[in-house]
Structures are given as structure tokens and as C-alpha cells.
Amino acid sequence: APIGQLPMRMPAPNGPSGVALLDGMMQGNGDVVWAALRQLALPVFSYGLVLSAVFARVTRMSISQTLASGQVLYARACGLTPWRIFCSVLVTTRTAILTCVAVVTGAIIGGGAILQKIYKMDGAAEFGVDSI
């Protein structure tokens, strides 16, 4: 498993936050910032890949159902521009998308704790799991 926030040979910056990326940015140390970003790439990608599929599915389903509704047919018949119709569709579907975000929040916290353990990164989710 990765060692943590920085590669093994790079010394950790001394800073108040304890997060290598933030401390490197506060000190203006570009090498530390770049190394910390490279270490964060895989956890962020693996976490975002799973959740993006859920949000994409809900968004696509909601938008396709709304585009097939009589409301959009009436808007097209009235001569609204495609951009105005699309904005109206987004307003109509935002409830389903926000509901999905609220439901997935528990999975985000639990998944964050697992990823923080796998990639040996200290964080709030790991603190919650250790407290339990």
C-alpha cells in the first residue's frame, strides 16, 4: 500500500494542518504540492469512478423521462429555444438528483473511511471509524 501523503523519500513539510498538500501550498513549496497531488490521484480517481456511475445513471434517467414528457412537447410547440427547454428540464430534474446526493452521502462517508484506511491517509472518516 502507499505510504501516505508523500513519497517515502520526501520529507513532510512542517505546517499547522498536518496535510501535506495544504502545508506545501501555504509554504509555497511546489515540489511538495506536486508530490502530494500525485499521491492523491489514485484515491480520488477510484472514489470518483464509483460515485460518478450512480449520479450519471440517475441524471440520465431523470432527464430522459422529462424530455419525453408533455411539458417539453408543449414548450417546443410554443417555440422556446432548445437552451430554454434544457434549462427547464434541469430545474424539473434537480429534485431527483439532489435526492440521490442525499441518499449517497452515507456511502460517501463509509467509502471515504475505507479508502483512507487503504491509502493510509489520516482524515475525518478514519477518525470516525476509529472512534466507533
Side-chain angles (χ1 to χ4, degrees):
I3 298 302
Q5 298 179 25
L6 291 172
M8 289 179 15
R9 295 183 185 146
M10 182 167 283
N14 295 330
S17 71
V19 178
L21 179 64
L22 295 177
D23 291 339
M25 289 170 69
M26 285 190 282
Q27 294 174 0
N29 191 343
D31 293 335
V32 171
V33 171
W34 182 245
L37 284 173
R38 284 186 302 191
Q39 290 290 107
L40 281 174
L42 188 59
V44 168
F45 178 72
S46 61
Y47 198 48
L49 186 65
V50 172
L51 297 176
S52 67
V54 173
F55 292 126
R57 181 173 178 251
V58 169
T59 303
R60 181 180 180 274
M61 181 187 66
S62 298
I63 288 178
S64 66
Q65 284 178 350
T66 305
L67 284 173
S69 69
Q71 170 187 347
V72 174
L73 184 63
Y74 180 74
R76 286 183 183 148
C78 287
L80 268 77
T81 63
W83 177 250
R84 294 285 294 180
I85 293 172
F86 182 70
C87 289
S88 174
V89 166
L90 285 181
V91 168
T92 305
T93 60
R94 70 178 172 205
T95 304
I97 296 168
L98 290 176
T99 302
C100 178
V101 169
V103 169
V104 175
T105 301
I108 290 172
I109 294 171
I114 293 169
L115 281 176
Q116 286 176 8
K117 288 290 188 183
I118 290 172
Y119 292 106
K120 188 143 178 53
M121 297 166 46
D122 298 332
E126 183 186 17
F127 176 73
V129 170
D130 290 343
S131 297
I132 291 172

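Not measured: the values here are computed from a predicted model.
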Interatomic spacing from [atom1] in [X] to [atom2] in [Y] - rounded to 0.5 Å:
{"X": "Arg76", "Y": "Thr81", "atom1": "CZ", "atom2": "OG1", "answer": "11.5 Å"}
{"X": "Ile85", "Y": "Thr66", "atom1": "CD1", "atom2": "OG1", "answer": "13.0 Å"}
{"X": "Leu6", "Y": "Arg38", "atom1": "CG", "atom2": "CZ", "answer": "10.0 Å"}

Does [Y] offer a backbone N or O that forms a donor-acceptor pair with the side chain of [X] under 3.5 Å?
{"X": "Ser64", "Y": "Met61", "result": "yes"}
{"X": "Ser88", "Y": "Arg84", "result": "no"}
{"X": "Ser52", "Y": "Leu49", "result": "yes"}

Looking at every heavy atom in both [X] and [Y], which two are closest together, and how far apart are they?
{"X": "Met10", "Y": "Asp31", "value": "CE-O, 3.9 Å"}
{"X": "Ile63", "Y": "Leu90", "value": "CD1-CD2, 4.0 Å"}
{"X": "Gly24", "Y": "Val32", "value": "CA-CG1, 4.1 Å"}

Flag the pair Val33 / Asn29 as yes when at least one side-chain heavy-atom distance between them is below 4.5 Å, and no otherwise.
->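 Val33 vs Asn29: side chains apart.
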Is any side-chain heavy atom of Leu21 less than 4.5 Å from a side-chain heavy atom of Leu37?
->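 In short, these two side chains touch, coming nearer than 4.5 Å.
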Around atom CZ of Arg60, are there more than 12 heavy atoms of other residues, nucleotides or ligands at under 6.0 Å?
->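 Incorrect, the count does not exceed 12.
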Hey, is CZ on Phe86 packed in by over 12 heavy atoms from elsewhere, all under 6.0 Å?
->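 No - once you tally the heavy atoms of other residues, nucleotides and ligands closer than 6.0 Å, there are 12 at most.
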Can [Y] be reached from [X] by stepping across I, L, V, M, F, W or Y side chains whose heavy atoms are under 4.5 Å apart?
{"X": "Tyr74", "Y": "Val89", "answer": "no"}
{"X": "Val103", "Y": "Val54", "answer": "no"}
{"X": "Trp83", "Y": "Leu67", "answer": "yes"}
{"X": "Val104", "Y": "Ile97", "answer": "no"}
{"X": "Val58", "Y": "Leu51", "answer": "no"}

